[in-house]
Amino acid sequence: MSHLKLSSWISSEQPFHSTNHIFVQHHSRLFKSNISHPSKSSNFPTINCTLRDLRQRIDSVTNTQKITEAMKLVSAAKVRRAQEAVVNSRPFSESLIDVLYSINQQAQLEDVDTPLTNIRPVKKVALVVITGERGLCGGFNKFILRKAEARIAELKNLGLDYTVISVGKKGNSYLVKRPWISADRFIKGGGFPTAKDSQVIADDVFSLFVSEEVDKVELLYTKFVSLIKSKPVIHTLLPLSAKGEIRDENGNSVDASEDEFFRLTSKEGKLAVEWDKSTGTSDGILPNMEFEQDPAQILDALMPLYLNNQILRALQESLASELAARMNAMSNATDNAVDLKKSLSNVYNRERQSKITTEILEIVAGAEALL
Amino acid sequence: FMEPRPPTPSSLPSKLTVNFVLPYAAELSKAEVDMVIVPATTGQMGILPGHVPTIAELKPGLLSVHEGNDVKKYFISSGFAFVHSNSYADILAVEAVPLDRIDPAQVQKGLSEFTQKLNSASTDLDKAEAQIGVDVHSALNSALTG
């Protein structure tokens with residue numbers, strides 16, 4: 001029951017401290033009534049007996065604190081699992097990058113053209129925005145949606161058309177309320193993202209790009225930096241290019257200023273250094289590679305797999321950041337609840353003592369009057 | 001994390017080092033084995049230590065890892081196999097299941113279901129989907145029996 005009350009107080013769009021405002025408002029109302037009316041009746045018709053009201057408030061705050069603490073522990077446990085999932089999927093994507101790089105080197109000698117590497121002048125951009133399923137995660141959803149809005153404004157300035165593919169209930173409901181943003185929607189399955197979930201998104205993106213409805217696909221997700229910090233980033237998914245920027249028909253660069261580029265060599269700084277070293281030794285090996293099938297066919301099959309993998313990693317990182325944000329928000333909520341309970345208890349005790357004192361004074365005055 | 005591969009040894013190594021990875025986990029990591037048989041699209045391919053560097057696409061089928069007298073069998077949905085020159089093999093599979101976790105009765109049921117769908121399919125899309133179902137289930141079947 002109190003859980004329901006909690007969700008009605010806290011809207012996921014606003015940052016956590018707005019709930020504090022609600023508490024503080026109630027709190028100040030009680031304080032006011034305490035100071036101006038030593039008697040039990042008050043200005044506000046809703047408060048009949050301040051003492052009982054205070055007790056109820058203390059009970060509800062205690063309940064809230066238990067809930068937020070439980071949510072914090074649950075999120076903490078889940079973050080670990082999410083991080084492990086990200087780490088577990090790394091060998092796969094690294095091997096894939098590995099081979100893609102070596103094939104690309106060989107393929108440059110031949111005329112291999114895969115539809116996914118097609119660089120065209122950009123007229124329309126698809127933005128895949130990954131948000132969370134539930135609220136109570138601090139500013140997580142707000143940040144990523146703000147970034148999406150900023151990117152849309154940028155694209156409009158460049159005179160480009162856009163469409164939004166939203167993954168996650170929070171993003172979906174945000175877009176529903178804003179019908180002027182053209183959108184295509186998904187609802188994430190919830191729970192830990194699997195290859196099946198990312199396949200759905202990958203299929204859609206693939207068909208949009210190959211049918212030339214959009215010329216560039218960007219992925220907006222929250223990168224997990226650390227348990228207390230996460231960063232919304234924009235990552236160009238398609239076209240897959242070895243280097244260089246994507247330009248629109250006027251030759252202006254269409255990339256976001258902080259775009260994370262898909263590099264066929266590697267994505268993380270650490271790996272890049274290692275690659276430099278080992279390409280020296282493996283150069284002699286590559287020309288000897290035997291292809292069981294036509295390199296073009298292999299590339300054709302590898303690209304979608306790589307795309308799928310990228311999206312899966314983005315989903316996993318997004319989930320990890322959401323859980324970390326929830327953990328932090330709930331931890332703050334618990335601390336605030338503890339503080340609030342302390343101050344409420346103080347007021348309650350003072351009120352109780354003043355009531356007792358008043359009664360004693362009345363009795364003593366009454367006794368004196370009799371004498 | 002992957003370290004850079006050791007340079008090509010002058011003599012033939014005695015064991016094959018296999019990395020068998022899935023998108024969400026690493027099934028085998030740097031396991032030293034004698035032989036791996038992968039279901040390539042061009043047929044079953046055996047990889048022994050000292051195999052020439054190869055890239056092959058895999059079709060749904062049986063993957064078996066031979067270590068001495070021990071054979072571990074997995075059914076994989078599809079993927080890639082890369083053999084490098086120093087007897088390192090990377091096998092990437094989209095989905096892999098150890099054979100003992102597959103129920104033969106379900107496989108038979110699935111096979112008959114999809115064969116039926118294929119016969120009654122009207123549109124090209126339905127036909128293609130049914131054909132894929134038949135292929136996978138018959139591969140499962142032969143993996144279980146073979």
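Letters A, B, ... are given to chains in the order of the sequence lines, protein chains preceding strands, and every chain is numbered from 1.
If you measure heavy-atom distances from B/Tyr24 to chain A, the contacts under 4.5 Å come from the backbone alone. Looking at B/Leu92, the atoms closer than 4.5 Å to chain A (heavy atoms on both sides) sit in the backbone and in the side chain alike. Interface remark: B/Ala81 contributes no atoms to any contact with chain A (heavy atom separation under 4.5 Å).
Using the six-membered ring where Trp is involved, B/Phe82 and B/His84 have ring planes that are tilted, between 30° and 60° apart.
The backbone N or O of A/Gly171 sits less than 3.5 Å from a side-chain atom of A/Thr131, completing a donor-acceptor pair.
In terms of heavy-atom pairs under 4.5 Å with chain A, the best-connected choice from B/Pro23, B/Ala25, B/Ala56 is B/Pro23.
For the residue pair B/Glu113 and B/His137, no side-chain donor N or O sits within less than 3.5 Å of a side-chain acceptor on the partner.
Salt bridge status for B/Glu67 with B/Lys15: present, with a side-chain N to carboxylate O gap under 4.0 Å.
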